[in-house]
Amino acid sequence: MGEPSLMERVKSRIGWRGEEQVNLVEAGHVRRFCEAIGDDDPRWLKEAPPTFVVALGTETPQIPEALEYGKGWLNGGDRFEYLEPIRIGDEIRTRTVLTDVYEKQGGSGGLLFLIFDTEYVNQHDRVAVRVRGTRIRR
Amino acid sequence: MSLELREGELLPDLVKNPTTRQLVQYAGASGDFYQIHYDQEFARATGLPYVILHGLLKAGFLAQLITSAVGSGGILRSFEVTYRGIDLPGRACRCRGLVTAVTDGIAELEVWTEDPGGTRTTIGKATVQMPEAEAAAE
């Protein structure tokens with residue numbers, strides 16, 4: 001048997017789970033996030049806007065094998081499923097799982113797709129938001 | 001202000017004029033410090049023409065388009081975006097949306113960002129649960 005290929009080594013990471021993180025939803029953090037987007041709706045003084053949860057996680061998890069592929073990251077897309085609002089003062093637990101890896105041929109060479117699923121669980125142990133992120137190495 | 005969502009209705013356009021300053025603000029607020037969003041040399045080394053907008057910043061713009069049109073009575077249930085093209089600071093990013101269906105109090109929306117040439121650089125979908133009173137009145 002030869003050495004496993006890069007794709008085989010990346011695929012072997014499917015099921016990888018990040019560290020659990022616990023974050024308080026802070027008013028100042030939500031305010032700075034809204035300022036960055038330019039959304040001054042007063043509703044966000046009490047509640048987090050729809051994409052705020054991404055600021056409670058980490059950057060794209062650095063799977064070492066994935067970094068051997070291509071020159072950089074691209075963001076392919078994001079899907080948000082909302083079950084409960086996230087309010088200022090909530091304590092949110094998150095954990096990210098690498099759920100799939102596949103390769104596609106693009107116009108200028110190969111693209112490696114990594115699918116990350118993250119659940120955001122509130123202090124009542126209820127899932128508030130689920131996010132599926134598609135990150136691409138090229 | 002809350003919009004009555006009817007099939008075929010366009011949401012009011014939201015035009016953003018992102019700057020490099022805004023990209024740095026978003027990097028700080030979201031925790032995404034990938035250098036292609038603020039370091040020009042780094043961006044060029046990965047094959048990009050210049051620093052580019054965070055995909056999730058565009059998702060934030062589109063979420064604002066939806067929540068400002070729908071108002072606090074409508075509940076966002078799902079929201080997904082696919083990033084198809086790059087957007088650069090200094091160029092207008094026009095956020096647009098269309099109500100594609102309204103069934104049993106659930107509105108389905110198609111949303112997208114357009115660059116100044118009219119190219120759709122981000123495409124997405126959302127489902128919104130309409131306020132009870134409106135749903136009951138049908």
Side-chain angles (χ1 to χ4, degrees), chain A residues 21 23 26 28-60 62 70-86 94 106-109 113 129-138, chain B residues 1 14-19 21-37 42-43 45-48 52-68 70-72 75-84 86 93 122-129:
Chain A
Q21 293 195 30
N23 284 292
E26 296 165 338
H29 189 193
V30 172
R31 191 187 68 240
R32 285 191 300 279
F33 187 85
C34 291
E35 282 170 359
I37 289 171
D39 186 349
D40 60 3
D41 191 329
R43 180 176 168 186
W44 314 133
L45 296 172
K46 290 185 176 162
E47 208 186 311
T51 62
F52 176 76
V53 287
V54 300
L56 295 175
T58 53
E59 294 186 66
T60 300
Q62 303 291 299
K71 284 195 293 186
W73 290 100
L74 282 180
N75 196 340
D78 289 287
R79 182 177 200 289
F80 299 79
E81 185 188 348
Y82 300 101
L83 296 109
E84 284 197 24
I86 290 186
T94 66
S108 55
F113 287 71
V129 181
R130 288 194 185 99
V131 178
R132 168 162 286 191
T134 303
R135 302 291 175 260
I136 303 168
R137 289 290 301 180
R138 54 133 212 177
Chain B
M1 194 196 79
L14 174 68
V15 181
K16 296 288 190 176
N17 292 288
T19 59
R21 180 181 192 276
Q22 188 169 15
L23 301 194
V24 172
Q25 267 187 299
Y26 187 78
S30 69
D32 179 352
F33 291 103
Y34 190 36
Q35 297 93 318
I36 60 170
H37 305 299
F42 187 98
T46 70
L48 294 167
I52 62 167
L53 268 62
H54 298 76
L56 278 159
L57 176 58
K58 297 191 280 182
F61 292 163
L62 288 172
Q64 181 185 0
L65 171 85
I66 297 165
T67 55
S68 63
V70 168
S72 54
I75 302 167
L76 187 60
R77 286 299 179 204
S78 68
F79 172 51
E80 62 180 277
V81 287
T82 303
Y83 311 112
R84 299 207 306 189
I86 59 170
C93 179
T122 313
I123 54 169
K125 292 189 290 190
T127 54
V128 177
Q129 189 181 326

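Everything numeric in this text was worked out from a predicted model, so none of it was measured. Letters A, B, ... mirror the listed sequences (proteins, then strands); counts begin at 1.
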Requested in this report: Heavy-atom pairs under 4.5 Å with chain A are the metric here; pick the option from B/Gln64, B/Lys16, B/Gln25, B/Glu80 that has the most.
Outcome: B/Gln64
Report summary line: Turns out that what part of B/Lys58 lies under 4.5 Å from chain A's heavy atoms comes down to neither
Report summary line: Shortest non-hydrogen pair, A/Ala36 vs B/Leu57, comes out as O-CD1, 3.9 Å
Query - Residue pair B/Leu56 / A/Arg135: nearest heavy atoms and the distance that separates them - result: CD1-NH2, 4.0 Å
Query raised in the report: What part of A/Arg132 is in contact with chain B, defined as an atom under 4.5 angstrom from a non-hydrogen atom: side chain, backbone, both or neither?
Result: neither
Requested in this report: Below 4.5 Å from any heavy atom of chain A, which atoms of B/Ile36 appear? Answer side chain, backbone, both or neither.
Outcome: side chain
Requested in this report: With a 4.5 Å cut-off on heavy-atom pairs, point out which of B/Thr82, B/Thr122, B/Leu76, B/Thr127 contacts chain A the most.
Outcome: B/Leu76
Report summary line: Under 4.5 Å to a heavy atom of chain B? For A/Glu47 that would be neither
Report summary line: Output for pair (A/Leu74 CG, B/Ile86 CD1), nearest 0.5 Å, gives 9.5 Å
Report summary line: Residues B/Gln22 and A/Ile37: closest non-hydrogen pair is NE2-O, 3.5 Å
Requested in this report: Let me know if B/Ala126 has heavy atoms under 4.5 Å from chain A in its side chain, its backbone, both or neither.
Outcome: neither
Query raised in the report: What are the two closest heavy atoms between A/Arg43 and B/Thr67, and how far apart are they?
Result: NH1-CB, 4.1 Å
**Report entry** Considering all heavy atoms, the nearest B/Ala63-A/Thr51 contact
**Finding:** CB-CG2, 4.1 Å
Report task. Could you list which of residues 75-85 of chain A have a heavy atom closer than 4.5 Å to any heavy atom of chain B, in residue-number order? Result -> A/Asn75, A/Gly76, A/Gly77, A/Asp78, A/Arg79, A/Phe80, A/Glu81, A/Tyr82, A/Leu83
